Amino acid sequence: MTKQERAARTRDALLLAAAQEFQRHGYDRAKLSAISSQAGVSSGALHFHFENKAALAEALRTDASHALRRAARLAHRRRTSALQALVDVSHALADLLRRSIVVRAGFLLSCEGAHGTGLNLRQEWQLCVQQLLAEAADEGTLAQASPGPHLAGVLAASTIGYEVLSRTNPEWLSSFTLTGFWEVLLPTLAAPDTLTELRPGGTDTAHQASNAALRTGFVPASAGPALP
């Protein structure tokens with residue numbers, strides 16, 4: 001193993017340990033000594049890679065953001081329609097949050113603004129929803145010609161609400177739960193001739209997008225409670 005490979009593995013181990021520590025205790029109560037011990041490295045090795053706790057949190061936020069953006073880009077690129085892309089991206093987002101403790105911790109730190117930049121993944125998700133709804137309107141696949149000024153916020157709040165609820169019950173991020181959400185919503189959102197072509201459970205693209213995001217970069221599978 002080269003020096004560069006060892007350094008990359010050490011960094012990955014530290015991020016995984018930090019994600020576990022932040023999820024257990026929150027940012028303020030998380031301890032660097034516990035993170036280095038969990039990662040199996042010395043305190044010096046931790047500080048070689050990350051100056052302080054804020055730097056660790058920022059790295060988690062960045063990794064989560066990159067993973068979610070990769071999944072969204074892939075779902076958008078392979079879409080059959082904007083509405084189906086919206087469904088697929090929501091399933092990819094839920095899948096990443098369910099399967100990766102790094103994504104969950106980074107998402108939580110980002111949304112709560114814990115000692116970092118203005119990066120806010122909830123806002124990014126709302127912008128993604130807004131863009132896809134606008135594209136759906138251009139395609140003429142919405143039940144109403146215009147999605148209205150508040151629809152994107154309602155959709156974003158509804159789907160992000162599942163992430164909040166999943167912190168105590170991971171079932172909220174299950175494919176079954178999200179499919180049920182779209183089964184209720186799509187009949188009021190989509191034009192009748194479009195509805196029959198939509199798959200509320202997501203297409204293969206949704207699963208491919210989350211898998212690709214997990215394989216690219218450091219986004220390990222969950223080390224905490226999650227659905228099978």
Side-chain angles (χ1 to χ4, degrees), residues 64 67-104 107-108 111 121-122 124-137 139-144 147-148 150-215 219 221-222 224-228:
L68 296 172
R69 289 175 183 176
R70 281 193 299 268
R73 283 197 301 269
L74 181 58
H76 189 275
R77 187 165 63 243
R78 297 185 179 180
R79 71 182 200 178
T80 55
S81 70
L83 277 181
Q84 187 62 64
L86 178 57
V87 174
D88 286 347
V89 173
S90 72
H91 277 281
L93 169 62
D95 193 44
L96 284 170
L97 288 168
R98 187 172 68 246
R99 295 169 61 191
S100 170
I101 192 171
V102 166
V103 172
R104 287 199 303 277
F107 194 91
L108 178 63
C111 295
L121 295 181
R122 288 180 184 169
E124 290 194 13
W125 171 237
Q126 182 172 347
L127 290 174
C128 178
V129 172
Q130 190 172 345
Q131 176 184 338
L132 288 170
L133 285 175
E135 292 178 12
E139 294 171 356
T141 56
L142 294 178
Q144 298 180 350
H150 304 300
L151 181 57
V154 170
L155 278 173
S158 299
T159 48
I160 292 302
Y162 288 144
E163 182 272 329
V164 176
L165 291 167
S166 74
R167 296 176 195 174
T168 54
N169 181 4
E171 190 72 32
W172 284 102
L173 285 177
S174 71
S175 177
F176 177 80
T177 300
L178 196 56
T179 298
F181 168 80
W182 287 114
E183 286 175 344
V184 171
L185 190 64
L186 285 176
T188 64
L189 185 63
D193 57 345
T194 301
L195 184 60
T196 57
E197 301 174 0
L198 297 174
R199 297 176 57 181
T203 66
D204 289 342
T205 295
H207 309 297
Q208 292 166 1
S210 59
N211 285 335
L214 286 167
R215 287 195 302 269
V219 189
S222 174
L227 295 174

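Keep in mind it's a predicted model, so treat the numbers as computed, not measured. Atoms considered below: every heavy atom in the structure, side chains included; atoms not considered: hydrogens, waters and symmetry mates.
For the 3.5 Å distance criterion, the side chains of Ser90 and Trp125 fail to qualify, holding no donor opposite an acceptor. Side-chain contact check for Gln131 and Glu135: at least one donor-acceptor pair (N or O, by modelled atom type) lies under 3.5 Å.
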### Task
Start with the C-alpha distance between Asp88 and Thr203, add both sets of side-chain angles, then the distance that settles side-chain hydrogen bond (donor to acceptor under 3.5 Å, both in side chains), and finish with yes or no.
CA-CA 6 Å; Asp88 286 347; Thr203 66; 2.7 Å; yes

### Message
Between Leu151 and Leu189, does the side-chain contact (heavy atoms from CB on, under 4.5 Å) criterion hold? Intermediate values first, please.
### Response
CA-CA 10 Å; Leu151 181 57; Leu189 185 63; 3.5 Å; yes

### Message
Please determine whether side-chain contact (heavy atoms from CB on, under 4.5 Å) holds for the pair Arg167 and Arg104, giving the CA-CA distance in whole Å, both sets of side-chain angles, and the decisive distance to 0.1 Å.
### Response
CA-CA 9 Å; Arg167 296 176 195 174; Arg104 287 199 303 277; over 6 Å; no

### Task
Go through Val89 and Cys128 one step at a time and tell me if the side-chain contact (heavy atoms from CB on, under 4.5 Å) criterion holds.
CA-CA 9 Å; Val89 173; Cys128 178; 4.3 Å; yes

### Task
Starting from the C-alpha separation in whole Å, work towards a yes-or-no answer on side-chain contact (heavy atoms from CB on, under 4.5 Å) for Ile160 and Leu121.
CA-CA 10 Å; Ile160 292 302; Leu121 295 181; over 6 Å; no

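The two residues Ala75 and Ala85 come nearest to each other via the heavy atoms O-CB, 4.2 Å. Considering every non-hydrogen atom in both Ala92 and Ala209, the closest pair reads CB-CB, 4.2 Å. The two residues Ala191 and Gly140 have their closest heavy-atom pair at CB-O, 4.3 Å. Pairing each heavy atom of Gln126 with each of Gly153, the nearest pair is NE2-CA, 3.7 Å. The shortest non-hydrogen separation linking Ala213 to Ala67 is CB-O, 3.3 Å.
Judged as a ring-ring contact (aromatic ring centres under 6.0 Å, His included), and not counting sequence neighbours, the contacts of Tyr162 are Trp172, Phe181. Partners of Glu139 by side-chain contact (heavy atoms from CB on, under 4.5 Å), not counting sequence neighbours, listed by chain and number: Arg79, Ser81, Ala82, Thr141.
Note that CG of Leu86 and CD of Gln130 are 12.0 Å apart. Values are rounded to the nearest 0.5 Å. Atom CZ of Arg98 and atom CD of Glu171 lie 9.5 Å apart (nearest 0.5 Å). Once rounded to the nearest 0.5 Å, the distance linking CH2 of Trp182 with CG of Leu83 reads 8.0 Å. In this structure, CG in Leu74 is found 7.0 Å from CD in Gln208, a value given to the nearest 0.5 Å. Note that CG of Leu68 is 6.5 Å distant from CG of Leu97, once rounded to the nearest 0.5 Å. From Ser210, atom OG reaches atom NE2 of His91 across 11.0 Å, with rounding to the nearest 0.5 Å.
A donor-acceptor contact shorter than 3.5 Å links the side chain of Thr159 to the backbone of Leu155. Although no hydrogens or angles enter the test, the distance criterion places a donor-acceptor pair under 3.5 Å between the side chain of Asn211 and the main chain of His207. A donor-acceptor pair under 3.5 Å is absent between the side-chain atoms of Ser166 and the main chain of Asn169, judged by distance alone. Proximity of a side-chain donor or acceptor of Thr179 to a complementary backbone N or O of Ser175 within less than 3.5 Å is detected. At distances below 3.5 Å, not a single donor-acceptor pair connects side-chain atoms of Ser100 with backbone N or O atoms of Leu96.
Between Glu163 and Arg122 a salt bridge is recorded (basic side-chain N to carboxylate O distance below 4.0 Å).
Two residues are said to be in side-chain contact when any heavy atoms from C-beta on lie closer than 4.5 Å; Leu195 and Pro192 fail this criterion.
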